[in-house]
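In this chain, residues are counted from 1 in sequence order. The figures here come from the full heavy-atom set of this structure, side chains too, leaving out hydrogens, waters and symmetry mates.
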Amino acid sequence: MIRFDNSYARMPQGFFARVDPTPVTAPRLLALNGPLADRLGMDRDALTVEMLAGNAIPDGAAPLAQAYAGHQFGGFVPQLGDGRAVLLGEVVAPDGARFDIQLKGSGPTPFSRRGDGRAWMGPVLREYLVSEFMAAMDVPTTRALAAVATGDQVWREQGGLPGAVLTRVASSHIRVGTFQFFAVRDDRARLQALTDHVIARHYPGADGPLALLDRVVAAQAETIAHWMALGFIHGVMNTDNMAISGETIDYGPCAFMDIYHPDTVFSSIDRQGRYAWANQPNIAVWNLAQFATCLIPLMGAEEAAVEAATASVHRFAPLYQAAWLRRFGAKLGIDGAQHQPLIEQLLSMMATQRADFTRVFAGLSDDTARDEFIDRAAFDAWARDWQALSPDAAAMAQANPRRIPRNHRVEQAIASAVADDMGPFRRLLEAVTHPRAARDDWADLSHAPTTAQLVHQTFCGT
């Protein structure tokens with residue numbers, strides 16, 4: 001049994017289009033996240049492959065596609081919406097927490113803009129692996145409940161590819177772009193309804209739109225700092241991909257850095273580096289400014305509202321800086337606020353010497369970090385200053401994963417899955433959902449890629 005209570009489906013007309021998933025030909029379960037199902041209070045036996053593929057609608061569900069707008073690479077699109085996803089409904093977990101259950105790749109909707117509404121297996125498995133790693137590292141994120149092969153071909157530039165559907169779980173799928181959808185239409189009544197809904201669902205202590213803005217700014221500062229500390233690059237930080245809850249959402253051309261450099265970009269369509277690793281905090285501020293603009297009409301006198309909203313967005317910088325210092329300090333087992341120059345010196349050496357981001361920080365715990373540097377004398381000089389601070393080994397063990405979903409390993413797992421071998425995917429999934437564990441049989445998954453194995457671009461879309 002699945003307990004639904006669909007509050008978003010009770011929102012006024014214009015927030016969504018009611019639409020059922022489009023059935024697929026031959027659904028086959030690729031992966032099921034049993035522990036997450038238990039967290040949601042779901043009977044695993046009730047999660048049939050027919051339901052997870054969209055061929056059967058569970059009792060109590062209210063399928064819909066959400067409307068939203070968004071800035072995409074800086075250009076505003078007044079209507080986007082769920083073009084290849086259907087929100088089945090909202091599940092109420094045993095502890096009372098509420099979660100969206102969404103099928104991604106479930107067929108066309110009124111927002112598909114001539115697209116087929118489908119996903120192919122590669123992006124589905126990539127999102128499953130990366131989002132579950134993020135959850136294991138305590139990053140606010142959407143989760144993967146299941147992946148199902150459809151038995152149908154999906155046609156992309158590469159030709160025919162095996163189709164798949166991802167069942168995604170989120171505290172909600174409300175985005176900055178959701179607010180923009182109503183703001184651009186000057187629909188204050190629905191903006192107010194959306195604001196009230198978000199406050200009740202995510203920030204019940206917030207008193208009005210300005211307080212909501214303050215809370216979202218703080219949530220995003222923490223999330224972005226966590227991304228940075230893991231070398232994660234979202235790749236497509238459009239306003240329709242920024243969740244009001246603060247969760248990481250929409251894993252498109254995302255990736256983790258192997259060789260560290262602050263200007264690293266993976267998205268094949270981000271030719272200007274708008275969403276490079278080092279630029280992610282700036283883009284977060286830009287997106288939050290768009291969110292603030294949506295809320296200003298609800299905040300009273302315009303001049304005072306603009307001043308208050310601007311001050312709220314400007315709070316991102318000190319909040320983010322504090323979170324960044326706390327997280328990078330933990331990676332070194334020191335007080336980051338007191339020793340910022342030491343952190344920055346290490347990162348500078350890593351960039352100059354093309355050191356591996358994850359292996360450097362993990363290697364600080366077992367004296368292998370120096371092996372990642374060309375100029376080991378320079379590292380040794382830095383390490384003497386660091387070790388003089390008596391770093392906290394427990395903090396480092398918690399903050400530094402031994403392994404990440406490395407790009408080449410993800411691609412290998414996808415290629416094997418396409419060839420009907422899910423073994424590499426299952427092994428990689430187990431390893432990255434236990435990222436801090438020391439396991440000899442996973443040692444190869446911690447290795448940096450060879451030059452030939454490096455992945456320089458990932459692709460947007462599914």
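With rounding to the nearest 0.5 Å, the separation of CH2 in Trp227 from NE2 in His234 is 4.5 Å. To the nearest 0.5 Å, atom CG of residue Leu428 and atom CZ of residue Arg406 are 11.5 Å apart. Distance CD/Gln180 to CG/Asn287: 8.0 Å, rounded to 0.5 Å. Summarising the geometry, atom OG1 belonging to Thr223 is positioned 12.0 Å from atom CD1 belonging to Ile249; distances are rounded to the nearest 0.5 Å. Interatomic distance, Phe133 CZ to His434 NE2, rounded to the nearest 0.5 Å: 13.0 Å. Interatomic distance, CG of Leu213 versus CG of Leu288, reported as 7.0 Å (0.5 Å rounding).
Looking only at distances, a side-chain donor or acceptor of Glu132 sits under 3.5 Å from a matching main-chain atom of Ala144. Of the possible donor and acceptor atoms, one in the side chain of Ser112 sits under 3.5 Å from a partner among the backbone N and O of Thr109. When atom types are taken as modelled, the side chain of Arg190 and the backbone of Gln13 share a donor-acceptor pair closer than 3.5 angstrom. A distance-only check finds a donor-acceptor pair linking the side chain of Asn241 to the backbone of Val236 [under 3.5 Å]. Side-chain atoms of Asn400 come within 3.5 Å of backbone atoms of Lys331 as a donor-acceptor pair (strictly under, hydrogens ignored). Judged by distance alone, with hydrogens and angles left aside, the side-chain atoms of Arg118 form a donor-acceptor pair with the main-chain N or O of Gly105 at under 3.5 Å. Between the side chain of Arg436 and the main chain of Ala136, a donor-acceptor pair closer than 3.5 Å is present. With hydrogens and angles ignored, the 3.5 Å screen pairs no side-chain donor or acceptor of Asp152 with any backbone N or O of Gly163. Looking at Arg359, its side chain does come within 3.5 Å of a backbone N or O of Ser446 through a donor-acceptor pair. With Arg326 contributing its side chain and Ala225 its backbone, the two residues share no donor-acceptor pair below 3.5 Å.
The distance between the ring centers of Phe182 and Phe15 falls below 6.0 angstrom.
Nearest approach of Ala146 to Leu32, heavy atoms of both residues: CB-CD1, 4.1 Å. Of all heavy-atom pairs between His202 and Ser245, the closest is CE1-CB, 3.8 Å. The nearest pair of heavy atoms linking Met350 to Val360 is SD-CG1, 3.9 Å. The heavy-atom pair separating Val86 from Pro63 by the smallest distance is CG1-CB, 3.7 Å. Closest non-hydrogen pair, Thr141 versus Ala135, comes out as CG2-N, 3.7 Å. Ala243 and Gln220 get closest at one heavy-atom pair: O-NE2, 2.9 Å.
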- Task: Might you work through the side chain to side chain contact (heavy atoms under 4.5 Å, CB included) test for Ser312 and Leu210, ending with a clear yes or no?
- Result: CA-CA 8 Å; Ser312 178; Leu210 179 59; 4.1 Å; yes
- What's the verdict on side chain to side chain contact (heavy atoms under 4.5 Å, CB included) for Arg409 and Arg427, showing C-alpha distance, side-chain angles and the deciding distance? CA-CA 11 Å; Arg409 292 296 188 185; Arg427 178 172 181 255; 5.6 Å; no
- Please report the C-alpha distance between Val24 and Asn55 in whole Å, then the side-chain angles of each, then the deciding distance to 0.1 Å, and finally whether the side chain to side chain contact (heavy atoms under 4.5 Å, CB included) criterion is met. CA-CA 7 Å; Val24 303; Asn55 286 18; 3.6 Å; yes
- Item | Candidate pair Thr142 and Thr248, rule side chain to side chain contact (heavy atoms under 4.5 Å, CB included), full reasoning | CA-CA 6 Å; Thr142 60; Thr248 311; over 6 Å; no
- Are Phe73 and Tyr275 close enough, and set up right, to give a ring pair (Phe, Tyr, Trp, His ring centres under 6.0 Å), and what steps lead you there? CA-CA 9 Å; Phe73 290 87; Tyr275 299 139; 5.0 Å; yes
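Under the 4.0 Å criterion applied to side-chain N and carboxylate O atoms, Arg168 and Asp100 are not assigned as salt-bridge partners. Classification of Glu90 and Arg10 as a salt-bridged pair fails, no side-chain N sitting under 4.0 Å from a carboxylate O. Between Lys104 and Asp82 no salt bridge is recorded (no basic side-chain N to carboxylate O distance below 4.0 Å).
The 12-atom threshold is exceeded at CD of Gln192, counting heavy atoms of other residues, nucleotides or ligands nearer than 6.0 Å. Remark: Arg354 CZ is loosely packed, at most 12 non-hydrogen atoms of other residues, nucleotides or ligands lying under 6.0 Å away. At most 12 non-hydrogen atoms from other residues, nucleotides or ligands lie less than 6.0 angstrom from CD of Glu307. For Asp95, the CG atom sits in a packed shell: over 12 heavy atoms of surrounding residues, nucleotides or ligands are nearer than 6.0 Å. Within a 6.0 Å radius of CG in Asp138, other residues, nucleotides and ligands contribute more than 12 heavy atoms.
Side-chain contact between Ile233 and Val265: absent, with no pair of heavy atoms (C-beta onward) separated by less than 4.5 Å. You'll find the side chain of Pro27 stays beyond 4.5 Å of the side chain of Leu52, heavy atoms only. Leu88 places a side-chain heavy atom less than 4.5 Å from the side chain of Pro21. Proximity of Thr150 to Val148: side-chain heavy atoms (C-beta onward) are nowhere separated by under 4.5 Å. No side-chain heavy atom of Phe256 sits less than 4.5 Å from a side-chain heavy atom of Thr358. Ile404 has its side chain out of reach of Phe357: every pair of non-hydrogen atoms, C-beta onward, lies at least 4.5 Å apart. Counting only heavy atoms from C-beta outward, the side chains of Tyr260 and Trp277 approach each other to under 4.5 Å. In this structure the side chain of Arg39 reaches within 4.5 angstrom of the side chain of Phe99, judged on heavy atoms.
Taking the six-membered ring where the residue is Trp, His71 and Phe76 present tilted rings, their angle falling between 30° and 60°.
Just one of Met242, Arg274, Met237 meets the side-chain contact (heavy atoms from CB on, under 4.5 Å) condition when paired with Trp286; it is Arg274. With Arg175 as the fixed residue, the side-chain hydrogen bond (donor to acceptor under 3.5 Å, both in side chains) test singles out one of Asp240, Thr239, Asp250: Asp250.
Looking at Glu411 and Asn407, their side chains never bring a donor and an acceptor atom within 3.5 Å of each other.
For the pair Arg185 and Phe181, the cation sits on the ring face: its NZ or CZ lies under 6.0 Å from the ring centre, inside 45° of the axis.
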